[in-house]
Amino acid sequence: MPLTGTFQTPHAAKYLGQLCKHFAHKIEVHYTETDGTAQFVFGTGSFSASPSELIIVFDLKDVAATEVAKSVIDSHLQRFAFREKFEAMEWSDV
């Protein structure tokens, strides 16, 4: 099941790096400055950063994982992007 999160920010590459480095302590993660993948227990996350936005696309194992996936990303970005007063990504399951 696909789930896409978007965060409009000029610091997308920085946050992609922070998220991937953080998650790499516990799960399998591969990343560059602009792209990454992370193997969460609830599904695979694909990260991409452009000059203006961070996009994370999950391939979730089931619909029950939707809120967990959102929570994992949003809670970490609330800490990493606090200067931008980040609250939550714009999420879509379409």
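No hydrogens, no waters, no symmetry mates; every other heavy atom, side chains included, goes into these values.
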Chi angles and distances behind the ring-ring contact (aromatic ring centres under 6.0 Å, His included) call for Phe40, Phe58: CA-CA 9 Å; Phe40 295 94; Phe58 281 106; 5.6 Å; yes
Single-linkage hydrophobic cluster, 4.5 Å side-chain cutoff, Phe42 and Val57 together: no
Gap between atom SG of Cys20 and atom NE2 of His30 - 0.5 Å precision: 10.5 Å
Check: Asp93 and Met1 side chains under 4.5 Å, non-hydrogen atoms: yes
N/O donor-acceptor pair under 3.5 Å between Lys85 side chain and Gln78 backbone: no
Rounded distance [0.5 Å steps], CG in Leu16 versus OG1 in Thr32: 7.0 Å
Trace of the side chain to side chain contact (heavy atoms under 4.5 Å, CB included) decision for His76 with Asp74: CA-CA 5 Å; His76 285 85; Asp74 287 343; over 6 Å; no
Glu33 to Ala13 - nearest heavy-atom pair and separation: O-CB, 3.5 Å
Nearest-0.5 Å distance that lies between atom CG in Leu77 and atom CD in Glu87: 12.5 Å
From CD1 (Ile27) to OG1 (Thr37), nearest 0.5 Å: 9.0 Å
Nearest heavy-atom neighbours spanning Ala38 and Val29: CB-CG2, 3.9 Å
Enclosure of Glu90 CD (heavy-atom neighbours >12, cutoff 6.0 Å): no
No-hydrogen, no-angle side-chain donor-acceptor test under 3.5 Å, Thr9 and Glu84: yes
Inter-residue atom distance Ile56.CD1 - Leu19.CG, 0.5 Å rounding: 5.5 Å
With sequence neighbours excluded, residues passing side-chain contact (heavy atoms from CB on, under 4.5 Å) with Lys14: His11, Gln18
Atom CZ of Arg83: over 12 foreign heavy atoms under 6.0 Å: no
Aromatic ring pairing Phe80/His22, orientation class (parallel under 30°, perpendicular over 60°, tilted between): perpendicular
Joint hydrophobic cluster, Tyr15 plus Ile55, side-chain heavy atoms closer than 4.5 Å: no
Compile the donor-acceptor pairs under 3.5 Å between side chains in residues 62-71 and protein atoms, sequence neighbours left out, one pair per line.
{"residue": "Asp62", "atom": "OD1", "partner": "Ala64", "partner atom": "N", "Å": "3.0"}
{"residue": "Asp62", "atom": "OD1", "partner": "Ala65", "partner atom": "N", "Å": "3.2"}
{"residue": "Thr66", "atom": "OG1", "partner": "Val63", "partner atom": "O", "Å": "2.9"}

Parallel, tilted or perpendicular, as decided by the 30° and 60° cut-offs, for the rings of Phe23 and Phe47: tilted
Closest approach of Ala12 to Ser50 (non-hydrogen atoms, all atoms of both residues): CB-O, 3.5 Å
Straight-line distance of Glu53 CD to Phe7 CZ, nearest 0.5 Å: 11.0 Å
Residues clustering with Phe82 (ILVMFWY side chains joined when closer than 4.5 Å, directly or via others): none
